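Data first, discussion second: the structure below is written as structure tokens.
Worth knowing before you read on, the calculation uses all heavy atoms, side chains too, and leaves out hydrogens, waters and symmetry mates. In this chain, residues are counted from 1 in sequence order. Everything numeric in this text was worked out from a predicted model, so none of it was measured. As the structure lists them, so they are numbered: ligands from 1, and atoms in each ligand from 1.
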Amino acid sequence: MFQTKITEMFGIQYPIIVGTMMHIARAEMVAAASNAGALGILASAIFQNQEEFREEIKKIRGLTDKPFAVNLNLFPAMRPIDNREYLEVIFKEGIRIVETSGYRAPEELAKDLKDQGILLVHKCVGVRYALKAQSVGANAVTVVGFENGGAVGVLDITTLCLVPRVVDSVKIPVIGGGGVADGRGFLAVLALGAQGVIMGTPFLVAEECPIHPRLKRALIEATELDTMILMRSIQNSYRAWVNEASKKVAELEKAQAGLEEIVRAGAAEKTKRMIQDGDLNAGVLSCGQGVGLVKKIMPMKDIIEGIVHQAEELRQRLAVI
Ligand SMILES: Cc1cc2nc3c(=O)[nH]c(=O)nc-3n(C[C@H](O)[C@H](O)[C@H](O)COP(=O)(O)O)c2cc1C
């Protein structure tokens, strides 16, 4: 069912990528995704040093023998990230798939990754960025539309328009997403020409997702109206769940507060606390518009199989129209 160039390239059962998530995409989450037939992506930026990062990779290997990937963060970060340090571990540990995400293509990393025979996927939000990723040697490109949970850039192109534009513009396989939360969206993105579908927000309510149950329940109550774009004033736009912390950031931006004050209001430490303690207004959480379609806390495997089965039924129904 749904065998594509991406399932073939990564050696996975379904063309589903469980998007990397800061604070969240740790071993349990990544292994749950990969064990369910999708591709899990470990967020390297969570780890403070090489040792912690290496231990987490080992932990994943103890939990799954299925393929998984590692994300290298190219976005601006409060804690300066030296991706070379992560790369050393990636090489030593024999990681086969690396995803980069950020406002620029991974020019300086691409050659080393290719030399090691590592598959490189770059995640971005526009045709010109996808072309650049292809030109530096990416094996596949992921594009996410404006509905996306997390970084949205500045182009504001919806998934429905962005995916086919990128498919028509590049020669490498495209993974599309942003706002996909069920079999209908999954099939739609494949129909747009993508060879794989990335989702993040729907997996925030997976049983294996390490966020507080109170936060999962709040996300289930949320609708498509409950997200907003933050940090645009400081060139770091991302879509987040609407709560007191995100409203505060938006207020500060509107009042043209200083960079430091805005960054402090949206600080990663507060998000971490919210995720752990379930204090619903403590921090800012990335979240896509697809949250309106998320209705039940379920094991990762059931979410993924539910998406694939719904898509298969829909495909058969459409075939006879
Ligand atoms: C809570 C959360 C945290 C995220 N953190 C990151 C991150 O650290 N790096 C990154 O490249 N993408 C991050 N993303 C984006 C996802 O990897 C993925 O691209 C996105 O969730 C797909 O769109 P969707 O949420 O509409 O399904 C995050 C998304 C969410 C919901």
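The side chain to side chain donor-acceptor pair (under 3.5 Å) with Q50 is formed by just one residue from the set K92, E88, E55; it is E88.
Here E8 does not pair with K5 in a salt bridge; the nearest charged N to carboxylate O distance is not below 4.0 Å. A salt bridge between K216 and E207 is absent, with no side-chain N of the basic residue lying under 4.0 Å from a carboxylate O of the acidic one. Salt-bridge formation is not detected for the pair E251/K254: no Lys NZ or Arg NE/NH1/NH2 atom is positioned less than 4.0 Å from an Asp or Glu carboxylate oxygen. We find that E261 and R264 are not joined by a salt bridge, their nearest charged nitrogen and carboxylate oxygen being 4.0 Å or further apart.
Considering backbone and side-chain atoms alike, T201 places an N or O below 3.5 Å from some N or O of ligand 1. Polar contact with ligand 1: present for M22 (N/O pair, distance under 3.5 Å). Residue G179 has at least one N or O atom closer than 3.5 Å to an N or O atom of ligand 1. For ligand 1, the polar-atom distance check against N73 finds no nitrogen or oxygen pair separated by under 3.5 Å. On a distance-only criterion, G149 and ligand 1 share at least one N/O pair closer than 3.5 Å.
For atom 27 (O) of ligand 1, the closest non-hydrogen atom of the protein is G200 N, 2.8 Å. The protein non-hydrogen atom at the shortest distance from atom 30 (C) of ligand 1 is S286 CB, 3.6 Å. For atom 23 (O) of ligand 1, the closest heavy atom belonging to the protein is N148 OD1, 2.8 Å. The protein non-hydrogen atom at the shortest distance from atom 4 (C) of ligand 1 is M21 CA, 3.5 Å.
From L204, atom CG reaches atom CE of M199 across 13.0 Å, with rounding to the nearest 0.5 Å.
For ligand 1 and S101, the ligand atoms under 4.0 Å from any heavy atom of the residue are 10 (C), 11 (O). Close contacts of ligand 1 with M199, meaning ligand atoms under 4.0 Å from a residue heavy atom, involve 27 (O). Each of the atoms 10 (C), 11 (O), 12 (N), 15 (C), 16 (C), 17 (O), 18 (C), 19 (O) of ligand 1 lies under 4.0 Å from some heavy atom of K123. Annotation for ligand 1: atoms under 4.0 Å from non-hydrogen atoms of P202 are 27 (O).
Of the possible polar contacts, none joining the T227 side chain to the Q289 backbone as a donor-acceptor pair under 3.5 Å is found. When atom types are taken as modelled, the side chain of T7 and the backbone of Y14 share no donor-acceptor pair closer than 3.5 angstrom.
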Determine, stepwise, if the pair I262 / M231 fulfils side-chain contact (heavy atoms from CB on, under 4.5 Å). CA-CA 8 Å; I262 295 173; M231 304 286 187; 3.6 Å; yes
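Considering only non-hydrogen atoms, atom 17 (O) of ligand 1 lies nearest to T20 out of I211, I198, T227, T20.
Using 4.0 Å as the threshold, G177 has no heavy atom nearer than that to any atom of ligand 1.
Counting only residues at least two apart or in different chains, ring-ring contact (aromatic ring centres under 6.0 Å, His included) contacts with residues 74-117 comprise F53-Y86, F75-Y103.
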